[in-house]
Amino acid sequence: MSPVSDQSGTTGASYAAAGVDIEAGDRAVELMKEWVKKAQRPEVLGGLGGFAGLFDASALKRYERPLLASATDGVGTKVDIARQMGVYDTIGHDLVAMVMDDIVVCGAEPLFMTDYICVGKVHPERVASIVKGIAEGCVLAGCALVGGETAEHPGLLGEDDFDVAGAGTGVVEADRLLGADRIRTGDAVIAMAASGLHSNGYSLVRHVLLNQAGLALDARIEEFGRTLGEELLEPTKIYSLDCLALTRTTEVHAFSHITGGGLAANLARVIPDTLHAVVDRSTWTPAPVFDLVGRTGRVERLELEKTLNMGVGMMAIVPSESADAALATLADRGVDAWVAGEITDRGEHTTGAELVGDYAV
């Protein structure tokens, strides 16, 4: 069918004229297929391009009482760092980490994930690069990437602007569900090192370092041994398989994923009302990027701690007699971890967790 014209011969409106390039979207799908194939599990049916991703739920028959766990998240304003640097193949790692590391907190095995990529203009290679990162992240988390959506929003987003979000599903046996009801007085709190800022607090970080201080992303920072942009774009560590390995090798009572809100607030989410977690700052030294943000923006320590992870990305609460075995398992998997605190009675404390002492120098 030819374009609609009025009597003057002027061509009528079209989707392309409105800014949506269907052909570019189709090319992006073709480019991303090879990466999606790498992020599969045997339970996945069909391929990319269907209206829905299919997962064979008969695989759950091995569970006595399977509980499905779900989570959804994005990566916040970290996407703007990727946009400014023109690096798109790492932000997907962040997305998978933010979703699947929430799911594993209850002891659930990650099963599958879907993504949503919103762009001002579809650049096929760029979209495929984002999906490449998501697929690689899914492999690291042990889950499948079963589908997603790419949406073009001309007029709402600039041509180079984009955002990403995702949702995931996992499964855990009911009697192996982790959480507050398992935690006991005397339990050890194990910290697992973060790879960097991860994917929270970037509104503060960007405001302090880029807007206030005027630092350039390509400026080399000696404390980092690389450029500012490379440090800020360091992918979020994905702990899913490490946490699952821990549950198989030793007793674990709870996990806490340290994201927005900081260490104490996130740890408090898994602490029962009668107990209290005490975390000793002197057991670790935060990476230089945290000091740079605090010093440059004259940000008070408590403000930093309720915004950034301060070098801890995941915490495990285990019986004190299991702490050595837990650390050994994590060390075998290349995870830097240490005993950072303990569980005590709530007493006069009004919150579920607190940080004490000063950071090691």
Side-chain angles (χ1 to χ4, degrees), residues 32-75 91-117 130-150 164-179 182 192 198-199 235-249 252 254-257 259 270 313-314 316 329 333 335:
M32 68 178 70
K33 281 183 177 178
E34 66 171 296
W35 300 110
V36 176
K37 287 179 181 177
K38 298 177 185 297
Q40 293 295 302
R41 288 174 56 116
E43 302 94 339
V44 175
L45 303 178
L48 190 66
F51 284 93
L54 298 175
F55 189 91
D56 185 358
S58 68
L60 305 184
K61 289 181 179 178
R62 70 179 187 270
Y63 290 84
E64 290 293 325
R65 185 188 170 200
L67 302 181
L68 293 180
S70 66
T72 185
D73 212 337
V75 299
I91 205 76
H93 287 232
D94 298 285
L95 180 62
V96 175
M98 298 305 288
V99 173
M100 288 305 178
D101 283 347
D102 274 357
I103 284 176
V104 82
V105 160
C106 67
E109 175 190 358
L111 295 177
F112 58 85
M113 182 168 174
T114 57
D115 64 64
Y116 177 79
I117 303 171
I130 296 171
V131 174
K132 171 181 178 287
I134 296 172
E136 291 174 339
C138 285
V139 171
L140 294 174
C143 67
L145 180 59
V146 297
E149 171 73 8
T150 300
V164 296
T169 299
V171 62
V172 59
E173 189 69 73
D175 63 6
R176 296 182 64 84
L177 184 68
L178 303 182
R182 291 180 178 262
M192 301 180 213
H198 284 187
S199 296
T236 305
K237 182 169 177 56
I238 299 173
Y239 300 93
S240 302
L241 295 183
D242 302 315
C243 290
L244 291 178
L246 209 55
T247 64
R248 290 192 296 267
T249 58
V252 177
F255 290 114
S256 177
H257 186 197
T259 57
V270 299
M314 181 71 77
T329 294
R333 297 183 61 83
V335 179

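Start at 1 with the first residue, then count along the sequence. Everything quoted here is computed from the prediction, not taken from an experiment.
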Asks: Yes or no on side-chain contact (heavy atoms from CB on, under 4.5 Å) for Leu178 and Val105, after CA distance, side-chain angles and deciding distance?
Replies: CA-CA 7 Å; Leu178 303 182; Val105 160; over 6 Å; no
Asks: Quick check against the 3.5 Å criterion: does Asp73 have a side-chain atom that pairs as donor or acceptor with the backbone of Val99?
Replies: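 Not a single qualifying donor-acceptor pair exists.
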Asks: What are the two closest non-hydrogen atoms of Asp102 and Ala71, and how far apart are they?
Replies: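 Heavy-atom minimum between the residues: CB-CB, 4.1 Å.
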Asks: For the residue pair Ala108 and Leu244, what are the closest heavy atoms and their distance?
Replies: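 Here Ala108 and Leu244 meet closest at O-CD2, 3.7 Å.
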Asks: Assess whether side-chain contact (heavy atoms from CB on, under 4.5 Å) is satisfied between Asp101 and Phe255, documenting all intermediate values.
Replies: CA-CA 10 Å; Asp101 283 347; Phe255 290 114; over 6 Å; no
Asks: Report the residues that fulfil salt bridge (Lys or Arg N to Asp or Glu O under 4.0 Å) with Arg62, sequence neighbours left out, ordered by chain and then residue number.
Replies: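 Salt bridge (Lys or Arg N to Asp or Glu O under 4.0 Å) list for Arg62, sorted by chain: Glu109.
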Asks: For Arg333, which residues count as a salt bridge (Lys or Arg N to Asp or Glu O under 4.0 Å) partner, sequence neighbours excluded?
Replies: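 Partners of Arg333 under the salt bridge (Lys or Arg N to Asp or Glu O under 4.0 Å) test: Asp242.
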Asks: According to the interplanar angle, ranging from 0 to 90°, do the rings of Phe55 and Phe112 count as parallel (below 30°), tilted (30 to 60°) or perpendicular (above 60°)?
Replies: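 Geometry flag for Phe112 against Phe55: tilted rings.
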Asks: So Thr259 and Met98, side-chain contact (heavy atoms from CB on, under 4.5 Å) or not? Walk me through it.
Replies: CA-CA 8 Å; Thr259 57; Met98 298 305 288; 3.7 Å; yes
Asks: Would the number of heavy atoms belonging to other residues, nucleotides or ligands and lying under 6.0 Å from CZ of Arg176 be above 12?
Replies: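 Atom CZ in Arg176 is not packed in, count stays at 12 or less.
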Asks: Pick one: which of Ile91, Ile130, Leu95 meets side-chain contact (heavy atoms from CB on, under 4.5 Å) with Ile117?
Replies: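 In the set Ile91, Ile130, Leu95, the residue that makes a side-chain contact (heavy atoms from CB on, under 4.5 Å) with Ile117 is Ile130.
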Asks: Within this structure, what is the CD1-SG distance for the pair Ile103 and Cys143, rounded to the nearest 0.5 Å?
Replies: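 Those atoms lie 8.0 Å apart.
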